[in-house]
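What follows is a short report on a single structure.
What's counted below: heavy atoms across the whole structure, side chains too, no hydrogens, waters or symmetry copies. Owing to the predicted nature of the structure, the values given are computational and were not obtained by experimental measurement.
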Amino acid sequence: MSAQPLQLFDTYERRVRPFESIQPGRVGLYTCGPTVYNYAHIGNLRTYLFEDCLRRVLQANGYDVQHVMNITDVGHLTSDADSGDDKMELGAKRMGMNAWDLATFYTEAFQKDLSSLNILPPSIWCKATDHIPEQIAFVADLEAKGFTYLTADGVYFDSQKLSDYGHLARLDIEGLRQGARVDPGARRFVTDFALWKFSSPEDQRQMEWDSPWGRGFPGWHIECSAMSAKYLGDLFDIHCGGEDHIPIHHTNEIAQTEASRGTRLANFWLHGYFLQLDQAKMSKSTGEFLRLETLAEHRISPLVYRYFCMTAHYRTQMAFSWESLKASQTALNRLYQAAYDWGTPGAPLPEVIAAFEAQVNDDLNFPRALAVVWELVKSKASDGDKKATLLRLDDWLGLDIGQWAPAELVVPEAVQVLVAARQQARTDRDFSAADALRGEIEALGFSVEDTREGPKIAALSS
RNA sequence: GGCUGGGUGGCAGAGUGGUCAUGCAGCGGUCUGCAACACCGUUUACGCCGGUUCGAUUCCGACCCCAGCCUCCA
């Protein structure tokens, strides 16, 4: 059925290879979710859009996708040196809320963003704070197997006990040692990391739990290993996240799971690359912090951003500019208008669908797939068949093409009178009067275009 | 500094050892009273220097530049 079998780039092996699920017909997919201490910016959202494209492609290939996304609502420190403040506690102070309410607030904001981008919700949402016992059990297992050591401030993972630690990122351990500029703190080795942190005696935490080692909270990485094992098993099909997770977060998840379960956690590791703003990644601490709401202030809809992201391959860094975003807005509007004008759907064109599918099955080449869409738009096929085909392709694109309609326009009586007067002037071939009337119409905020069906009125933008 | 990845036309962004990406913008044309829309056509490219090759943007090496990670980050 598929034009071309699905193949994906696996960061672990650093190559594109054919995708086969571990169990026939089923795919276990784990995507690293947000730390809910602030809003998501559009750079964050690019990664979730990539994961949604993956999800849709898997489903189109006939897989039943069990999709798990975590919500990190505790334990993510402001420094990976395992020091610094907990982001949640810090965010709570900033907002004047307690940490639990803060988590709920930003979780809901995040889910709203995903929904407005037509990102399919995961089968399972899981919060770190709902899985403390699972995380403690995981750490206890690592301890029993001799992969941990205890310090004054927590339980640490002994990364030197694993011979291939850092393989995912091709880490140069010696180079890291030399380049390390951070205070190693209580860690014995640069690449060791916290599994469980003790609460500081002088600082009362809002989020803390008892454990066999003392009162405290889980390290950041352990939640993903513990929760993915619970919902998807010790080895599942695909694990995704942003490119920044390759060297630390995912490297450490693999280390924990290898030590405890003897697997590499996921069969495929896929990573979304950054959106660049002014030659740097979009950051929460420097530069502009652009949200979907910011785009809305510029009258750019979330689906325009979705289209924009699909014009670049997920595995390349993409430059953001308002100019290129506007280009996507123009293109998408033309696509919507064309599909709308095509009228009633006819029969889908199998060769176009096959050509499209061949592209998306080739490591999610959505830019190339969009080229197929535009070839369809310009093709000689009948309008009805084009429409039916495009609606089918929207299963992958997620652009709500079938639901689009021109904006309902409320035209004031005064404008309608002027338009009618202008039509009369044109009929009388009094063009200077007609142009004057057009000026009056524009002064009231409307444009008028002459078409075969008569004058077409639209609201002037800005 | 180390490691990983990347440098394509005005912008964004695919791809390939020798023929087209695609979108937006620009230009020319058709249409229009004039416009706009739409449609048709179309210009400009592969960081730099060597090497391999009949031929390299595509393969190899050096260099320059950019990004990611080593400090929170999708």
Pair listing, side chain to side chain donor-acceptor pair (under 3.5 Å) test, anchored in residues 389-398 of chain A, at least two apart: A/Arg392-A/Asp395
Is A/Asp113 salt-bridged to A/Arg291, cutoff N-O under 4.0 Å? no
Rounded to the nearest angstrom, tell me the gap between atom [atom1] in [X] and atom [atom2] in [N].
| X | N | atom1 | atom2 | answer |
| --- | --- | --- | --- | --- |
| A/Ile173 | B/U4 | CD1 | P | 12 Å |
| A/Arg170 | B/C70 | CZ | P | 19 Å |
| A/His245 | B/G5 | NE2 | C1' | 17 Å |

Where RNA chain B forms stems, i.e. three or more consecutive Watson-Crick or G-U pairs with both distances under 3.5 Å: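 As far as RNA chain B goes, consecutive pairing (with distances under 3.5 Å) yields the stems B:1-7 with B:64-70, B:10-12 with B:22-24, B:26-30 with B:38-42, B:49-51 with B:59-61.
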Taking the P atom in each of B/U8 and B/G1, what is the distance between them to the nearest angstrom?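 Those two atoms are separated by 23 Å.
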Between B/C20 and B/U71, how far apart are the C1' atoms? Round to whole Å, please. 47 Å
Give the nucleotide from the list B/G5, B/G2, B/G33 with an atom nearest to the side chain of A/Arg14.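 It is B/G5.
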What pairs with A/Arg306 under salt bridge (Lys or Arg N to Asp or Glu O under 4.0 Å), at least two apart in sequence or on another chain? A/Asp52
Could you run down nucleotides 13-22 of chain B 5' to 3' and tag each one B, S or - for protein heavy-atom contact under 4.0 Å? SBS-----BS
When you check the side-chain N and O atoms of A/Glu253 and A/Ser225, is any donor under 3.5 Å from an acceptor?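 Not at all, the side chains of A/Glu253 and A/Ser225 share no donor-acceptor pair under 3.5 Å.
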Considering only distance and modelled atom types, tabulate donor-acceptor pairs under 3.5 Å from the side chains of residues 118-126 of chain A, sequence neighbours left out.
unit_1   : atom_1 : unit_2   : atom_2 : d
A/Asn118 : ND2    : A/Gly398 : O      : 2.9
A/Asn118 : ND2    : A/Asp400 : OD1    : 3.0
A/Asn118 : ND2    : A/Asp400 : OD2    : 3.2
A/Ser123 : OG     : A/His67  : N      : 2.8
A/Ser123 : OG     : A/His67  : O      : 3.4

In residues 327-343 of chain A, what residues come within less than 4.0 Å of RNA chain B, judged by heavy atoms? A/Ala327, A/Thr330, A/Ala331, A/Arg334
